[in-house]
Structure formats: C-alpha cells, structure tokens
2 protein chains.
Amino acid sequence: MKESVTNCTVEEAMRLLGGRWRLLIVYFLLDGPRRFNELRRCVPGISQRMLTLDLRALEEAGLIKRTVFPTVPVTVEYQLTEDGKRLVPVVKVMQEFGKWLLEREEGEAP
Amino acid sequence: MKESVTNCTVEEAMRLLGGRWRLLIVYFLLDGPRRFNELRRCVPGISQRMLTLDLRALEEAGLIKRTVFPTVPVTVEYQLTEDGKRLVPVVKVMQEFGKWLLEREEGEAP
DNA sequence: CGGGATCCAGAATGATACTG
DNA sequence: CAGTATCATTCTGGATCCCG
C-alpha cells in the first residue's frame, strides 16, 4: 500500500499544508521572523502543542528555519526559508478565497 | 472595521478546503462535469463514503452543482458552479506547489 | 448507478501539567 | 520563553451492508 501516487500533485501539497493551522502560521511569517509566543498570540486559538508540531513539520519540510538565540530566557525565531517563499502565492490565494467566502456569508445569512 | 476578523480568511478557506480530498475532487472537475463513479475512478484511493461527504460539503458551499438524470439506473453529474470557478486559481497554485514538492523529493532521496 | 447507514480504527487536535 | 509529556476528545477515513 501507499505506493507513490501517479500525478497527484494536489494531494501531495494538501498532505503537507492541509492541516488547520499550517498555512495560517505561514501567513504570519510573511512579514518577517516571529518568535514562538508571538506566533501563539497571532494565530487565533492555536494550542501550544499544535504550534510546536506544525512548526516542526514545516521546518522538516525545509519551508521555515528555526533560530535559537542563547539569551536568558532563550529566544527562538522562525522565518520562511527561500523554499518557504514558494508558499507565498499559496497563502495569498487562500486568503483571497477565504475573504470572498466571508463576504458572501455576510451577504446571505446575517 | 472589525479588527476582530483579523485574518481568519486563511483559516476560513482551509476549514472548507483543508480536507484530504476536496481540492483533488475539484481538480478533476476543472475539465467539465463528472459522474459519481467517474470521480471515484479518477480520485486515487478515495472511498465512496468520503466522496459522498466531500461532494455534499462542496455542494452545500455552493461550489459545485449536482444534477440528477432520471435514467435507469439513475445518473448523477457534478460540475463547478460559477462560484466554484473561484477555486481554479486555488487548485492551480496547489498543483504547482505539489509539483515542486515532488520534484524536490526526487532530487534529494533517490 | 449512486448513494445512505452503521461501525470502527487511526489521525488530528485540544487541555493540562511540568521543565530547562 | 519555548517547549515536552500525557491524556482526552474530536475528526477523518475505511469497511461493510443495504436500498431505490
């Protein structure tokens, strides 16, 4: 089972990005590096655990870079890598579609 | 200006499209209408149940249209609505990103 | 053919407590 | 501050049987 898929590029992308938070996290990294708790405040409703897990997944995929500054207490910064910048159009398009969705909802069922 | 709706737009979009199959189903509807079992064959590995559920969700969101032809046995066709065509850029961008992902994998882990 | 209904396994996510 | 560990809950997806 799970042999390589034929032409399922969309499936591959969704397997990595399809979670509830990942693209949202990336969204908040568009403007520059962010620290862990900074992201936690930005991303509405995410748990500490999921933030950790999703950051790890994105890091493992080479899309973000984790930098530890040996301050006291320690400071950790996350930022998009060059590869990660390939996510910019993905986020943008999702943002636009989501915006349209929300505006449509307002118009139909207030 | 509801700042309360900070940027749930990405979240909103992912809530609707974030599943494993939905964008993939939409992908196979880009070229035109498809019947149920036709989609089942196209979408690699999807179960009948999930195809039904996801088609329902997309229909409820007004993104696809379900048409029943009273043949014997019955024939059901699914197609993108005008609203659903807003998904075209979303699918395209996912497809491109997935393609890049797959090509990168090939290059790294032979 | 195109589903609906039910049951179930596993993955995804959340809550809470603890730590260097 | 930035996590880890553990447990609980919810969600996703598959298997199977049934029906008009």
Side-chain angles (χ1 to χ4, degrees), chain A residues 1-3 5 8 10-29 32-61 64-79 94, chain B residues 8 10-29 32-61 64-79 94:
Chain A
M1 53 210 268
K2 312 104 200 151
E3 71 291 36
V5 276
C8 301
V10 175
E11 195 179 3
E12 193 62 17
M14 290 308 287
R15 187 188 315 283
L16 178 59
L17 306 175
R20 179 170 166 190
W21 307 108
R22 295 187 184 178
L23 276 184
L24 201 55
I25 293 170
V26 171
Y27 171 79
F28 288 109
L29 291 176
R34 299 271 187 182
R35 286 179 300 109
F36 186 84
N37 279 341
E38 209 174 351
L39 282 172
R40 230 178 127 183
R41 282 189 299 274
C42 288
V43 183
I46 194 169
S47 68
Q48 178 194 52
R49 171 188 150 83
M50 288 315 298
L51 182 53
T52 300
L53 290 178
D54 286 339
L55 285 171
R56 290 282 179 276
L58 292 170
E59 189 191 357
E60 195 177 346
I64 64 178
K65 188 177 115 197
R66 179 175 180 268
T67 311
V68 182
F69 299 97
T71 53
V72 178
V74 65
T75 302
V76 180
E77 212 178 68
Y78 294 91
Q79 58 189 308
M94 278 296 172
Chain B
C8 306
V10 175
E11 196 178 1
E12 194 59 18
M14 291 307 288
R15 187 189 315 284
L16 179 58
L17 306 175
R20 179 170 166 190
W21 307 108
R22 294 187 184 177
L23 276 184
L24 200 56
I25 293 171
V26 171
Y27 171 79
F28 288 110
L29 290 176
R34 301 272 186 181
R35 286 179 302 109
F36 186 84
N37 279 340
E38 208 174 351
L39 281 172
R40 235 178 122 182
R41 283 189 298 273
C42 288
V43 183
I46 194 170
S47 69
Q48 171 201 57
R49 170 188 151 83
M50 289 315 299
L51 183 53
T52 300
L53 290 178
D54 286 339
L55 285 170
R56 290 283 178 275
L58 292 170
E59 189 191 357
E60 196 176 344
I64 64 177
K65 190 176 113 197
R66 179 174 179 270
T67 311
V68 182
F69 298 96
T71 53
V72 178
V74 63
T75 301
V76 181
E77 213 178 67
Y78 295 91
Q79 60 189 309
M94 277 297 172

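The basis for the numbers below is simple: all heavy atoms, side chains too, and nothing from hydrogens, waters or symmetry mates. The chains referred to below are lettered A, B, ... by the order of the sequence lines, with proteins before strands, and numbering in each begins at 1. The structure displayed is predicted, hence computed values, not measured ones.
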Colleague: Using only modelled atom types and a 3.5 angstrom limit, is any donor from either the side chain of B:Q48 or the base of D:dA15 paired with an acceptor on the other?
Modeller: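 Check fails, no donor-acceptor contact within cut-off.
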
Colleague: Can you measure B:R15 atom CZ to C:dT13 atom P for me and round it to whole angstrom units?
Modeller: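 Rounded to the whole Å, the gap is 12 Å.
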
Colleague: In Å and rounded to the nearest 0.5 Å, what is the CG to CD distance from B:L29 to B:E77?
Modeller: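 Going from CG on B:L29 over to CD on B:E77, the span is 10.0 Å.
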
Colleague: Scan B:R56 against the nucleic acid and name what it touches under 4.0 Å (heavy atoms): base, sugar-phosphate only, or nothing.
Modeller: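 Sugar-phosphate, backbone atoms only, no base.
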
Colleague: Take atom CG of A:N37 and atom P of D:dT4, then tell me their distance rounded to the nearest Å.
Modeller: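 Value for this atom pair: 13 Å.
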
Colleague: If only side-chain N and O atoms of B:R66 are considered, is one of them under 4.0 Å from the OP1 or OP2 phosphate oxygen of C:dG3?
Modeller: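 True: B:R66 side-chain N/O within range (under 4.0 Å) of C:dG3 OP1/OP2.
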
Colleague: Side chain of A:V76, heavy atoms from C-beta onward: which of D:dA2, C:dG4, C:dG2 has the nearest atom to it?
Modeller: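 The answer is D:dA2, which lies nearest to the side chain.
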
Colleague: Could you give the CG-to-C1' distance, from A:L53 to D:dA2, as a whole number of Å?
Modeller: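 Rounding to the nearest Å, CG of A:L53 and C1' of D:dA2 are 14 Å apart.
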
Colleague: Measuring only between side-chain heavy atoms, which start at C-beta, is B:D54 closer than 4.5 Å to B:R20?
Modeller: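 SC-SC contact between B:D54 and B:R20 ruled out.
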
Colleague: Consider the side chain of A:R20, meaning its heavy atoms from C-beta on, and name the nucleotide among D:dG13, C:dG14, D:dA2 that approaches it most closely.
Modeller: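 Nearest nucleotide to the side chain: C:dG14.
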
Colleague: Could you give the distance from CZ (A:R56) to CG (A:L51), rounded to the nearest 0.5 Å?
Modeller: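 Answer for the CZ-CG pair, A:R56 versus A:L51, is 9.5 Å.
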
Colleague: Output the single nucleotide from D:dC7, C:dG20, C:dG3 whose closest atom is nearest the side chain of A:V74.
Modeller: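 My answer, after comparing the listed nucleotides, is C:dG20.
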
Colleague: Once you round it to whole Å, what is the distance between P of D:dA2 and CE of A:M50?
Modeller: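 The answer, rounded to whole Å, is 19 Å.
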
Colleague: Over how many whole Å does the gap from B:F36 atom CZ to C:dG3 atom P extend?
Modeller: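 The answer, rounded to whole Å, is 5 Å.
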
Colleague: Using side chain to side chain contact (heavy atoms under 4.5 Å, CB included) as the criterion, point out the one residue from A:L58, A:L16, A:L17 that pairs with A:L23.
Modeller: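 Exactly one candidate clears the test, A:L17.
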
Colleague: What nucleic acid atoms does A:Y78 come within less than 4.0 Å of, heavy atoms only: base, sugar-phosphate, or nothing?
Modeller: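 It contacts sugar-phosphate atoms only.
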
Colleague: Just the rounded figure in Å: distance from P of D:dC11 to CG of B:D54.
Modeller: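 Value for this atom pair: 15 Å.
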
Colleague: Could you tell me whether B:G45 contacts a base, only the sugar-phosphate backbone, or nothing, with contacts defined as non-hydrogen atoms closer than 4.0 Å?
Modeller: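 Counting heavy atoms under 4.0 Å across all strands, the contact made by B:G45 is with sugar-phosphate only.
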
Colleague: Looking at D:dC1, D:dT4, D:dG13, which one has an atom nearest to any side-chain atom of B:R49?
Modeller: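 When the side chain of B:R49 is considered, D:dG13 is the closest of D:dC1, D:dT4, D:dG13.
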
Colleague: So which one's nearest nucleotide on DNA chain C is more toward 5', A:S47 or A:P73?
Modeller: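 First, find each residue's nearest nucleotide; the 5'-ward one identifies A:S47.
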
Colleague: Atom CD1 of A:I46 to atom P of C:dA12: distance rounded to whole Å?
Modeller: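 So the two atoms are 15 Å apart, to the nearest Å.
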
Colleague: Base, sugar-phosphate, or nothing for B:R40, non-hydrogen atoms under 4.0 angstrom?
Modeller: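 Since no nucleic acid heavy atom lies under 4.0 Å of B:R40, the category is nothing.
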
Colleague: Could you check how far CG of A:L51 sits from C1' of D:dA2, rounded to whole Å?
Modeller: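 So the two atoms are 10 Å apart, to the nearest Å.
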
Colleague: Do B:R22 and B:V26 have side chains that approach each other closer than 4.5 Å (heavy atoms only, starting at C-beta)?
Modeller: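 Counting from C-beta outward, B:R22 and B:V26 never come under 4.5 Å.
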
